[in-house]
There are 4 protein chains.
Amino acid sequence: MSATETTKEKMLEAATVLFTSKGYHGTSIREIASKTGVNISLISYYFGGKQGLLEALMTDFLEGYMEELELAVKTPHHDSYEKMLYMAERVLTFMKERHLRARFVLREMTLDSTLIREITSTYLMKEKHLYSIVLKKGIQEGTFAPVSVQWTIMQFRGMVIMPYLHHQYVREVFHLHPQQPHFIKMYRKELREWASKVLLSDSKKEEHKAIPFHHTQHQADFVQP
Amino acid sequence: MSATETTKEKMLEAATVLFTSKGYHGTSIREIASKTGVNISLISYYFGGKQGLLEALMTDFLEGYMEELELAVKTPHHDSYEKMLYMAERVLTFMKERHLRARFVLREMTLDSTLIREITSTYLMKEKHLYSIVLKKGIQEGTFAPVSVQWTIMQFRGMVIMPYLHHQYVREVFHLHPQQPHFIKMYRKELREWASKVLLSDSKKEEHKAIPFHHTQHQADFVQP
Amino acid sequence: MSATETTKEKMLEAATVLFTSKGYHGTSIREIASKTGVNISLISYYFGGKQGLLEALMTDFLEGYMEELELAVKTPHHDSYEKMLYMAERVLTFMKERHLRARFVLREMTLDSTLIREITSTYLMKEKHLYSIVLKKGIQEGTFAPVSVQWTIMQFRGMVIMPYLHHQYVREVFHLHPQQPHFIKMYRKELREWASKVLLSDSKKEEHKAIPFHHTQHQADFVQP
Amino acid sequence: MSATETTKEKMLEAATVLFTSKGYHGTSIREIASKTGVNISLISYYFGGKQGLLEALMTDFLEGYMEELELAVKTPHHDSYEKMLYMAERVLTFMKERHLRARFVLREMTLDSTLIREITSTYLMKEKHLYSIVLKKGIQEGTFAPVSVQWTIMQFRGMVIMPYLHHQYVREVFHLHPQQPHFIKMYRKELREWASKVLLSDSKKEEHKAIPFHHTQHQADFVQP
DNA sequence: CATGAATGAGTCTTCATTCAT
DNA sequence: AATGAATGAAGACTCATTCAT
C-alpha cells in the first residue's frame with residue numbers, strides 16, 4: 001500500500017469517526033486533519049475538498065454494501081427464506097465491521113440534499129430490486145405467504161439497518177452493543193423469528209421450525225405468563 | 001396569540017423546514033431569519049441563540065410525543081393488544097401532523113452529541129417504560145406470546161418511526177407519502193398485521209382475526225403463488 | 001450621510017489606494033479592512049465580497065467619467081475644436097481629482113478577464129461614440145482636417161489618459177505630478193497644441209492661433225537651435 | 001537547445017499567456033505548471049520561485065526592448081526625423097512579435113511595487129535618455145521645431161506602446177489587431193504623420209512631404225467635409 | 001531532470017452573536 | 001418588538017514552497 005493510500009485511508013477513518021458523532025456539517029476539516037495527524041490542505045489535495053471526502057466515504061460504503069447483497073443473492077440456497085435471511089446476515093456483518101460508517105451513511109440518507117440523493121438513489125433502487133426478486137420468487141415458490149412486496153421490503157430493511165442507525169438509542173436505552181459479535185448472533189435469531197412468523201406460508205411454517213428461544217436464557221427481561 | 005407568539009411560531013416553522021432538509025449545522029440562522037422574514041438578531045433575542053432554537057424545537061416535539069403515548073396508555077382498552085396498537089396509532093398521527101419536525105428530531109437523535117443526549121434521554125427512557133408496561137401486562141394476561149420485551153420494543157418502535165425518519169427513502173423508492181392520510185390508514189393495517197403475527201399468543205390469535213388484505217386491492221405489487 | 005454610507009466610502013477609498021499600488025489580486029481584503037479600521041467581514045457584508053468591491057469601484061468611476069464626457073458634449077461651444085478640448089479638460093479634471101482610482105481602473109481595463117470586459121465594454125463603446133460624434137461634426141464643418149476618425153480617437157484618448165495610467169512613469173522619469181493643479185494646466189496646453197497641429201484644417205489653423213509656448217518658461221529642458 | 005532550455009522556454013511562454021490575461025497575482029504557479037505540462041515544483045527549481053519567474057520574464061523583455069532602441073540609435077540616418085521614426089518602428093516590430101509579453105510588462109510597470117521599480121527604473125531611464133539624445137540633436141540640427149523634450153518623449157512613447165498596452169481596447173472597440181502585420185504598417189504611417197505635424201520644423205516640413213492618406217483607402221470611417 | 005507528498009501561511013467568506021437604536 | 005451595523009472566530013480552501021526520492 002502506497003504512502004498515499006495509507007494516508008487517504010487514515011483520513012477516511014478519522015472523518016468517519018467525526019462525521020458519525022457530530023454530523024457532516026458539524027465537523028470541520030481542521031478536526032479531521034488534526035485527528036489524522038496531517039496538514040489541513042491535504043484533504044483538499046486528495047479528495048478535492050470536504051464534499052469529495054463525503055462522497056468517497058459514502059460511495060465506498062454503499063459499493064461494499066451492495067456487493068454483499070449481490071453476492072448473497074448469487075449464493076445458492078435451499079429456498080428463498082434461507083436466501084432472505086442470508087442477505088440480512090451478510091449485510092449485518094458488513095455493517096458490524098464498519099458500524100460507524102454505517103451509522104453515518106444511513107443517517108445522511110435521511111437528509112434530502114440534492115448531493116445525497118445523487119449519490120444514494122442508484123444504490124437504493126438496486127437494493128429494492130434485489131430484495132424484490134427474492135421476495136417474489138419466494139411467493140411464487142410458495143415459500144412465502146402472499147405478502148405485500150413493498151411493505152415487506154420496507155419492514156425488512158428497517159429491521160436490518162435499525163441497530164446501526166439507532167446505535168445510540170440501542171446502547172443507551174437497552175445497553176446493547178451492535179458492534180459486538182454477541183449482538184449479531186442474537187439479532188440474527190430475532191430476524192429469523194420475525195421472518196418465520198411474518199413471511200413464511202402456512203405450509204412452510206412447519207418445515208422451518210422456528211428456532212426455540214434458547215437465546216433468551218441470557219436475557220433476563222422475560223415475563224412469564 | 002400575541003404578535004410575539006406568531007413570530008416565534010413562524011421562526012420555529014422555518015427552522016423545522018431548513019433543519020430537516022439540510023441538518024442543524026448545515027443551516028444558518030441567517031437563512032432561518034430570511035425565510036421567516038425577520039431580522040437575524042431576533043433569533044438570539046427570542047431563543048438565546050441557535051442552540052436555544054434547537055432545544056425548543058426538540059423539547060416541544062418530544063413533549064407532545066410523550067403526551068400522546070401517555071394518553072394512549074391511560075385510555076381504557078379491551079386488551080393490551082388494542083392498547084399497543086392504539087399507542088402506535090396516536091404516535092403516527094402525531095408525527096404525520098408534523099412530519100418534518102418528526103424527521104428532524106428522529107435523525108438528530110442518531111447523533112451522539114452531549115447536548116442531544118441531555119435533551120432526549122429522559123424521553124427515550126420514558127417511552128421504553130411505557131411500552132414496557134403494556135407489553136409486560138399483555139404477556140401476563142396471556143394476550144401476548146412470551147416475547148422478549150426489549151427486542152419487541154426495539155422492533156415496534158422501529159416500525160412506528162420508520163416512515164417518518166426514512167421519509168425520503170419511502171418517497172423516492174416506493175413513491176409513498178407518509179404525510180398523507182391515505183398512508184396512515186394503510187400503515188395502521190400493516191402494523192396490526194405484524195402485531196397479530198408477532199405478538200399475539202396462539203390462544204388469542206383466533207380471537208383477533210387478522211384483518212384480511214383488502215388494502216391490497218389498490219396495490220399492484222403482489223405476486224400470486 | 002448615514003453611518004453605512006460613510007463606512008462604505010471609507011472602504012472604497014482604502015481599496016482604491018491598495019488596489020492601485022498592489023493590484024487587485026495583490027491586495028487582500030484583510031489589508032483593506034485594516035486600513036479602513038473595520039472588521040474584515042464588513043466587506044462581504046456591504047459589497048458581497050471582494051469582487052463586489054471591485055465592481056463598485058469600477059462602475060462608480062466609469063459612471064462619473066462618462067457623465068463628464070456627456071456633459072461636455074452637451075455644453076455649447078464655438079466649434080468642434082473647442083468642444084473636443086473641453087471634453088479632454090473635463091475628463092482630465094475628473095481623473096485628477098481621483099487619480100488613484102483612475103490609474104487603477106485604467107490598468108484593470110488592460111486585463112482581459114471576462115468580468116472586466118463585462119463591466120467596461122459598454123462604457124468604452126459610449127466613449128468612442130461621443131468622441132466620434134464630435135470628430136465627425138468637426139470634419140463636416142470644416143474645422144478639422146479629414147483625419148481618420150478611429151486613429152484619431154485612439155491617439156486622443158491615449159494622450160488624455162496617459163498621465164494617469166502612467167502616473168508612476170511620469171513621476172519617476174520626469175518628476176512630474178499629474179495630480180497637481182500645475183500639471184493639469186500645462187497638460188491642457190500640450191493637448192491644445194497637439195490638437196491644433198493634428199486636427200485643425202488648414203483654413204482654421206490661422207483662426208485658432210496656437211497658444212505660444214509661454215508655458216515653456218518654467219521648463220528648463222529646451223534646447224535652442 | 002537543451003531539454004532544460006526547452007522546458008524553461010515553455011514555462012515562460014505559459015506564464016506570459018496567463019500573466020497577461022489574469023495578472024501576476026491572479027495567476028498561480030499551479031496553473032502555469034499545468035499549462036506547461038510539468039510538475040509544480042519545477043518552477044521553484046528553475047526560477048527560484050514565482051517572483052524569479054516574473055523577474056526573468058520582465059528582464060528578458062526589457063533587455064530586448066532596449067537593444068532595439070540602441071541599435072536603432074546607432075544605425076546611421078539621413079536626419080533625426082528618420083531616426084526617430086526608425087526607433088519607433090523597431091520597437092513596434094519587437095513588441096508585435098511578443099505582444100502578450102509586451103502587454104504584460106507594460107501593464108506591470110504601472111504598479112508601484114518596489115520590486116517592479118527595481119527591475120524597470122534603469123531601463124526607463126535609458127529609454128528616456130536615448131529618445132532625449134535624438135530629439136535634442138534634431139532640434140539643434142533644425143530638423144525639429146523647438147518642442148519641449150520631455151512632453152514630446154511622453155507623447156511619443158505613449159503613442160508607440162499604446163496598441164500593445166491597450167490591446168484589449170483596440171481590439172474590442174476598433175476591431176483592430178495590433179499583432180498582425182497589417183496593423184503595424186498602418187500604425188507606422190500614423191506615427192509618421194503625427195511626427196511630421198508635431199515634430200518637424202517649418203523649414204523641414206516641405207522637405208519631408210507627409211505621406212498622403214492613401215492608407216485611408218481601406219478605411220471607411222472618413223467623413224468628407 | 002523531474003516528481004509527488006506534504007506543509008504552513010494565507011486566501012476569501014460565512015458564521016452566530018452583540019449592541020445601540 | 002424589532003432592526004441594522006459591526007464584530008471575532010471559524011469556516012473551507014488555495015497558495016507558493018520544500019524535500020525526499
Side-chain angles (χ1 to χ4, degrees), chain A residues 2-8 25-33 36-53, chain B residues 2-8 11 25-33 36-54, chain C residues 2-8 11 25-33 36-53, chain D residues 2-8 25-33 36-54:
Chain A
S2 73
T4 305
E5 284 311 306
T6 311
T7 306
K8 269 181 128 170
H25 282 112
T27 305
S28 74
I29 60 166
R30 202 187 307 276
E31 292 173 277
I32 299 170
T36 313
V38 297
N39 188 275
I40 273 198
S41 38
L42 222 55
I43 285 171
S44 297
Y45 181 67
Y46 279 139
F47 297 97
K50 192 187 185 183
Q51 185 173 302
L53 186 55
Chain B
S2 72
T4 305
E5 283 310 306
T6 311
T7 306
K8 269 182 121 167
M11 279 177 182
H25 281 112
T27 305
S28 74
I29 59 167
R30 193 174 258 88
E31 294 172 275
I32 299 170
T36 312
V38 298
N39 188 275
I40 279 194
S41 27
L42 225 53
I43 284 170
S44 298
Y45 181 72
Y46 278 143
F47 298 97
K50 192 186 183 184
Q51 186 173 300
L53 185 56
L54 172 69
Chain C
S2 73
T4 305
E5 284 310 308
T6 311
T7 307
K8 269 181 129 170
M11 279 176 181
H25 281 113
T27 305
S28 73
I29 61 166
R30 202 188 308 276
E31 294 172 276
I32 298 170
T36 312
V38 298
N39 188 276
I40 273 198
S41 39
L42 222 54
I43 283 170
S44 297
Y45 180 68
Y46 279 140
F47 297 97
K50 193 187 184 184
Q51 184 172 303
L53 184 56
Chain D
S2 73
T4 304
E5 283 309 307
T6 310
T7 306
K8 268 182 123 170
H25 281 112
T27 305
S28 74
I29 59 167
R30 191 173 261 89
E31 294 173 274
I32 299 170
T36 312
V38 298
N39 188 274
I40 281 193
S41 27
L42 224 53
I43 284 169
S44 297
Y45 182 71
Y46 278 143
F47 299 97
K50 192 187 184 184
Q51 186 173 300
L53 184 56
L54 172 68

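Letters A, B, ... are given to chains in the order of the sequence lines, protein chains preceding strands, and every chain is numbered from 1.
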From [X] [atom1] over to [Y] [atom2], what is the distance, rounded to the nearest 0.5 angstrom?
| X | Y | atom1 | atom2 | value |
| --- | --- | --- | --- | --- |
| D:Phe47 | D:Leu42 | CZ | CG | 9.0 Å |
| A:Arg30 | A:Ile43 | CZ | CD1 | 10.5 Å |
| D:Thr36 | D:Ile29 | OG1 | CD1 | 11.0 Å |
| C:Ile32 | C:Thr27 | CD1 | OG1 | 6.0 Å |

Give the rounded distance in Å between these two atoms: [atom1] of [X] and [atom2] of [N].
| X | N | atom1 | atom2 | answer |
| --- | --- | --- | --- | --- |
| A:Leu42 | F:dA16 | CG | C1' | 16 Å |
| B:Leu53 | E:dT17 | CG | C1' | 14 Å |
| D:His25 | E:dC12 | NE2 | C1' | 16 Å |
| D:Ile29 | E:dG4 | CD1 | C1' | 14 Å |
| B:Lys8 | F:dA2 | NZ | P | 11 Å |
| A:Ile32 | F:dA12 | CD1 | P | 8 Å |
| A:Ile40 | F:dA12 | CD1 | P | 8 Å |

Sugar-phosphate only, base, or nothing, as touched by D:Phe47 at under 4.0 Å among non-hydrogen atoms: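 D:Phe47: no heavy atom of the nucleic acid under 4.0 Å.
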Nearest-nucleotide 5' precedence on DNA chain E, B:Ser44 against A:Val38: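 Nearest nucleotide further toward 5': that of A:Val38.
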Comparing C:Ile43 and A:Gly37 on DNA chain E - which has the more 5′ nearest nucleotide: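 Going by which nucleotide is closer to the 5' end, it is A:Gly37.
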Heavy atoms from C-beta onward define the side chain here; which of [options] lies closest to that of [X]?
| X | options | value |
| --- | --- | --- |
| A:Asn39 | F:dA6, F:dG8, E:dG8 | E:dG8 |
| A:Lys50 | F:dA6, F:dA12, F:dA16 | F:dA12 |
| D:Ser28 | F:dC15, E:dA16, F:dT14 | F:dC15 |

Short side-chain N/O contact to E:dA16 OP1/OP2 from B:Arg30, under 4.0 Å: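 Looking at the OP1 and OP2 atoms of E:dA16, neither is under 4.0 Å from any side-chain N or O of B:Arg30.
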E:dC1 OP1/OP2 closer than 4.0 Å to side-chain N/O of D:Thr7: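 False: D:Thr7 side-chain N/O out of range (4.0 Å or more) of E:dC1 OP1/OP2.
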Check: C:Tyr45 side chain, F:dA5 base, donor-acceptor under 3.5 Å: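 Indeed there is one.
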Heavy-atom donor-acceptor pair, A:Ser41 side-chain to E:dG8 base, under 3.5 Å: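 Looking at the base of E:dG8, it does pair with a donor or acceptor on the side chain of A:Ser41 (distance under 3.5 Å).
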Under 3.5 Å: donor-acceptor pair, side chain of B:Lys50, backbone of B:Ser44: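 No.
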Along DNA chain F (nearest heavy atom to each residue), the more 5'-positioned of A:Glu31 and D:Gln51: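 Looking at DNA chain F, the more 5' nearest nucleotide goes with A:Glu31.
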Pair partner, E:dA20 [Watson-Crick or wobble, under 3.5 Å]: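 Paired with E:dA20, as far as the under-3.5 Å criterion goes, is F:dT3.
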